[in-house]
Peer 1: 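Mind having a look at this structure? Questions to follow.
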Amino acid sequence: MDAALPFRPQGTGVLLAVTNLAPGGASLPSAPTEGDVCYLVYNPSGQSDSWVGYGPTSAAAVANAVVPLISSPVATQLPNGGGTFVAPTGTLQVITLVGQQFFAARCQLNSASVWIAPGFGV
């Protein structure tokens, strides 16, 4: 990472192999355990948009990794803790969550590889 960037990696990230099937499990990046943690989320271009579910347990992250449909939109407050966000193809974004979050993802079509790295900043 460039010294001029406001994001500072901390810990070990995870690479999510994303398909259009429900994920079989979730990954937990090695991140700080206290306070808010920034997560750098990278979905390289040429892949599919991915919906990333996160939560305090692997089961919560897998349950939250859903692709919204017009007939059944995703609720903003999910009952099992955590939530979901979209990682559009070709984007690099930073989200802030509490530490110790599991991540799982799903895409509507094809497949993708989403990199999630914990850190500080932005």
Side-chain angles (χ1 to χ4, degrees):
M1 291 267 151
D2 184 14
L5 294 177
F7 181 81
R8 297 285 181 254
Q10 179 72 27
T12 304
V14 295
L15 182 65
L16 302 178
V18 185
T19 66
N20 61 348
L21 302 173
S27 298
L28 176 66
S30 170
T33 58
E34 297 178 5
D36 290 342
V37 177
C38 291
Y39 292 93
L40 180 70
V41 180
Y42 176 52
N43 186 0
S45 62
Q47 301 191 65
S48 295
D49 294 346
S50 299
W51 281 262
V52 181
Y54 61 91
T57 65
S58 179
V62 169
N64 292 341
V66 294
V67 176
L69 302 173
I70 293 173
S71 61
S72 58
V74 175
T76 55
Q77 293 295 324
L78 299 169
N80 54 5
T84 188
F85 63 90
V86 65
T89 183
T91 61
L92 183 69
Q93 60 184 328
V94 176
I95 61 166
T96 303
L97 303 169
V98 297
Q100 297 294 3
Q101 294 292 303
F102 286 84
F103 293 92
R106 187 174 184 177
C107 54
Q108 188 172 12
L109 301 170
N110 302 323
S111 62
S113 299
V114 176
W115 175 253
I116 299 177
F120 298 104
V122 183

Peer 1: Any heavy-atom pair between the side chains of Ser27 and Leu16 that's under 4.5 Å?
Peer 2: yes
Peer 1: Short question: side chain of Asn64, backbone of Thr84 - any donor-acceptor pair under 3.5 Å?
Peer 2: no
Peer 1: Can you tell me how far the CZ atom of Phe85 sits from the CH2 atom of Trp51, to the nearest 0.5 Å?
Peer 2: 12.5 Å
Peer 1: To the nearest 0.5 Å, tell me how far Phe7 CZ sits from Tyr39 OH.
Peer 2: 10.0 Å
Peer 1: Do Tyr42 and Leu15 belong together in a cluster built from hydrophobic side chains that touch within less than 4.5 Å?
Peer 2: yes
Peer 1: Indicate yes or no: at least one non-hydrogen side-chain atom of Val52 is less than 4.5 angstrom from one of Ile116.
Peer 2: yes
Peer 1: Kindly list each side-chain donor-acceptor pair under 3.5 angstrom involving residues 87-94, sequence neighbours excluded, with atom names and distances?
Peer 2:
residue	atom	partner	partner atom	Å
Thr89	OG1	Pro44	O	3.3
Thr89	OG1	Gly46	N	3.4
Thr89	OG1	Gln47	N	3.2
Thr89	OG1	Gln47	O	3.0
Thr91	OG1	Pro88	O	2.6
Gln93	NE2	Val86	O	3.0

Peer 1: Under the 3.5 angstrom rule, does the side chain of Ser58 hit a backbone N or O of Ala26 as a donor-acceptor pair?
Peer 2: yes
Peer 1: At their closest point, which heavy atom of Ser50 faces which heavy atom of Asn43, and how far apart are they?
Peer 2: OG-ND2, 3.7 Å
Peer 1: Is any side-chain heavy atom of Val37 closer than 4.5 Å to one of Thr96?
Peer 2: no
Peer 1: About how many Å separate CD1 of Ile95 and CG of Asp36, when rounded to the nearest 0.5 Å?
Peer 2: 11.5 Å
Peer 1: Would you mind writing out the side-chain donor-acceptor pairs for residues 101-108 within the sub-3.5 Å range, not counting sequence neighbours?
Peer 2:
residue	atom	partner	partner atom	Å
Gln101	OE1	Gly55	N	3.4
Arg106	NE	Asn20	O	3.2
Arg106	NH2	Asn20	O	3.2

